[in-house]
Amino acid sequence: MIEFKDVIKEYPNGFRAVDDLNLTVRDGEICVLIGPSGCGKTTALRMVNRLIDVTRGEILIDGQPNDEFEPEVLRRQIGYAIQQIGLLPHMTIRDNVAIVPRLLDWDEERIRQRVDLLLDMVGIDPSIHGDKYPRQLSGGQQQRVGVARALGADPPIMLMDEPFGAVDPITRAILQEEFLQIQQEVSKTIIFVTHDIDEAIYMGDRIALLRAGRLVQYDTPDDLLAMPRDDFVREFVGADRSLKRLHLISVKDSMMNNVPCCDHDASLEEVAACLQRRQSDSAFVVDASSGVLLGWVERADLAESRSLAEAMHHAPAGSIAVPEDATAREALSVLLSHSFDLTPVIDAEGVLTGGVSIQRLQDLVEAPGIHAAAQPERRR
Amino acid sequence: MSEAKTMPAADAGRRLPYGALFWLLATLLIFVVGQQTVTLHDQEKFIGDFDFSVEHVEGENRLILNLTAGTFAYGVTPEVILPTPTGSFSRGDVDAPQVADVLFDALESITDISIEAQTITVVYDNDMEAEQIRSRLRRPVNNSVVNDRNTITAEVSQSAEKTILFSTSEDHFLYAQYQPALVDSIEDYDSRAAAEAGSDLARFIVGEARAVQSLRLEPTRLVVGYAEGAALEPLARNLREILNDFHPRASLAPKLWLLTIAPEIVPPMLAIAVEPLETGLPLFLFTLLMVAVEGGIYFVAREGKKNLLIHLVHILSVFLLFWSIFGHEPLWDAILHAIFPTSAPLVHPQGPVIDFSAQHLELVFTSSIYIISAGLFLGVMVTRENFREFLPLVNNLVNGGQTVPTLAIVAIMAPIIGLGFLPALVALIAYGLLPVVRNTIAGIESVSVSIVDSARGMGMTSQQILLRTEMPIASRIIMAGIRTSMVINIGTATLGAFVGSGGLGIPIASGLSMTVDAFILLGAIPAALLAILTDYVLGRLEVVLTPRGLLIET
């Protein structure tokens, strides 16, 4: 647990980079510090491992003030990853990852095992890349090594200053996802600085929004989007905050289980009756025995056809449906690109399990407090 | 991946085995040079330079002078006094006496020489200053006659244009010819009386040094027993002067590392013939060995796998080759004679090239050690957080050091700390500091802030950041600074000769003052070669010392 208590950073010229910051980061959580440039988020981060000294107030790490440690001793217990990565160009990848363990005087065999484990974890094959030098790796690979190095001595706390800032958006998305997977395994207490609200919403368990050194709002991503405290927050999270919220909600939480559907071997009359009963213009067609989504049928087609097989539109499930673990945002996207008023939801086997309607999404976005259910499911 | 793996092999295929070719060329050159017989005429030498290390035998009143330069490859068994040659001679006269020949050789512009009992008249025909001509002729005249030099005067004739008169206040010039012979046996005299009855040299020594009580003469050693209470320092100095006075001609034993030359002394001309092939054999074999070594490295070790050892072999072997060539005195003589066919004395009187080179390197290395340690210290210090405010000051200081001409620093130093090694050293240090300090600063500043930040963030102490991060990354730039500094240093060190620090500046300085172009080259060529050699060696070291990860191009 990291606690900022009345922390002030004031420079000799009177400028307050961090002004009376109170913040608690719980164990195993990712706390994202975000705000416009110069809001003090990096300063706040760097005060944790004493790269910058606190002017007033104190920072407690597991209840112990961080200035009770020698700075070097403290830093060796805290992982540190930065945007520019800062790999040492004259050392091999292995040696880079081994820096902190070596500083801690681990024995070489243990270091070797740890380094190989970490490189594997971040998706770098140590047998291929381990003895290369940083300049021989791509930007994305270097970022991965940077993360592995920060995890070097298995520190309980990690400080990450825009660690995925220097790569292209596609690589960044992959790295973010992979890092969340790693975090599920290692469960570190992380302070994560970014200026990208999407990254904050995706990565953060909690987001601390700072402005001119002051904490404006500290909330879960969903609450931040649903209940921005003031105009500044509202403006900062953006006009598309509803869309962003959809990103946080999984299809599973937003779908209706009861959707109009019929078996593939049903007669045309049965289908017509079903449509009539549901007051719907279309229904999904599923395999009678397995429940796998096969396509859909529209009321208008029934009259001219002799059987359901002739009337229905065959479609591979992937093209019209979204999987259960997709976000509501993806469901909306599918909704917009097809003419249905429902997006079908399928499970891993392709079985139709429900549907998401535009009405349902509207309800969700307008209602605060769905995060309690939605949050844990967000991580895939 | 496969691309990266095949690259070095393809690279090696394109590259020629330069190392082996270099040594093959060296072998051929040595073979060809070895076939030449170089003849050196000791007669044409100036004042000799015997030098000794003095050893005092405790409690025995005995002093041992060990020869460290020159050999007693002479014995001045009686000078043959020649009849005074009189008459007028012009260039090309077959029957001109030796003294006229020597003078004609010394200066091409001499047209006529007339010799009388008390005067030698030299007529020349070019536009040189009379003063210069006089100084250039003085030495050959002095060397050709046996008279006390103080009795000989030289003046520019008032009556005839372009004429210089040499005259003696004695009855007549005394012409003589040395009849040299090798001292190869041991002469042992247990008293002054015995020595006075012994050989010329023994007689001369006891005649000049009153404190000498017994004497033992060996080819490379002189053992002197002295009277109780004699002052040792003056005695040793005196003995050294006596020996150099007694036989003013330097002997020409080349000091070599790999080459051995058997000097063959041919009286009466005292010529040293360099034996072909046999003499160059060790060097010849050495270069052949290097061809094999280089070839082996080329075929066995693939490009990029060159390790420290191979680099060191390169450095050492090239250094040895250079040094052997430097030590080949007859070769220098031959080269200079090829360039200046008519000038007579071409090997410098004060010592062989290798001695100057050694002094030169001593000066360069000593100053470089100070430069490197001071430069690194200053550069590292002013890049530390606490001392950053001194950065402009240090920058200005080292810049200033290089702006002030070295000669000026030498001139300022000389009255303060006197002449010799020290003022030259101080001047070189002041001059050479700039590239090292500047590159150290530039190298450390080149380490990106984010690298230092992440190193600190990982918990490295300031010292660990300096040693494990900043210095390795800066090493290449720092080495380049050291290289620049040392190469400049070699050129600058020649100026040290003006304050008596020794080194290759001596032949240059005396060549300039005596207008003997050959001497200038005798200093300039080795200095240039030394600079090239140093540049090569440091270039190799740069590659060795730069961490591999930094050599990868991005």
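These figures come from a predicted structure and were not determined experimentally. Naming: A, B, ... by sequence-line order, numbering from 1 per chain. No hydrogens, no waters, no symmetry mates; every other heavy atom, side chains included, goes into these values.
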Look at atom [atom1] of [X] and say whether more than 12 heavy atoms of other residues, nucleotides or ligands are closer to it than 6.0 Å.
X         : atom1 : answer
Gln463(B) : CD    : no
Tyr370(B) : OH    : no
Gln113(A) : CD    : yes
Arg388(B) : CZ    : yes

Pro472(B) side chain reached by Leu88(A) side chain, heavy atoms, under 4.5 Å:
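A side-chain contact under 4.5 Å is absent here.
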Residue pair Thr92(A) / Arg548(B), side-chain heavy-atom distance below 4.5 Å
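Of all side-chain heavy-atom pairs linking Arg548(B) with Thr92(A), none is under 4.5 Å.
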First locate atom [atom1] of [X], then atom [atom2] of [Y], and finally report the distance between them rounded to the nearest 0.5 Å.
X         : Y         : atom1 : atom2 : result
Ser454(B) : Ile99(A)  : OG    : CD1   : 7.0 Å
Glu72(A)  : Ile465(B) : CD    : CD1   : 7.5 Å
Arg50(A)  : Arg456(B) : CZ    : CZ    : 13.0 Å
Leu51(A)  : Asp453(B) : CG    : CG    : 5.5 Å

Closest-packed option against chain A by number of heavy-atom pairs under 4.5 Å, given Ala455(B), Pro547(B), Gly457(B), Ser450(B)
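Most heavy-atom pairs under 4.5 Å with chain A: Gly457(B).
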Winner by heavy-atom pair count (cut-off under 4.5 Å) against chain A, out of Thr461(B), Val452(B), Val449(B):
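The answer is Thr461(B).
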Test your reading of the model: is there a side-chain donor-acceptor pair from His90(A) to the backbone of Arg468(B), 3.5 Å cut-off?
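Yes, because the side chain of His90(A) sits within donor-acceptor range (under 3.5 Å) of the backbone of Arg468(B).
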Hey, does the side chain of Arg76(A) reach the backbone of Met458(B) with a donor-acceptor pair shorter than 3.5 angstrom?
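No; zero donor-acceptor contacts below 3.5 Å.
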Does any backbone or side-chain atom of [X] lie under 4.5 Å from a heavy atom of chain B? Answer side chain, backbone, both or neither.
X         : answer
Arg46(A)  : side chain
Leu159(A) : neither
Leu74(A)  : neither
Ile85(A)  : backbone

For chain B, which of Val73(A), Leu103(A), Leu87(A) has the most heavy-atom pairs under 4.5 Å?
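Ranked by heavy-atom pairs under 4.5 Å with chain B, first place is Leu103(A).
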Relative to chain A, which segment of Ser448(B) carries a heavy atom at a distance below 4.5 Å: side chain, backbone, both, or neither?
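Nothing of Ser448(B), per the 4.5 Å heavy-atom cut-off to chain A.
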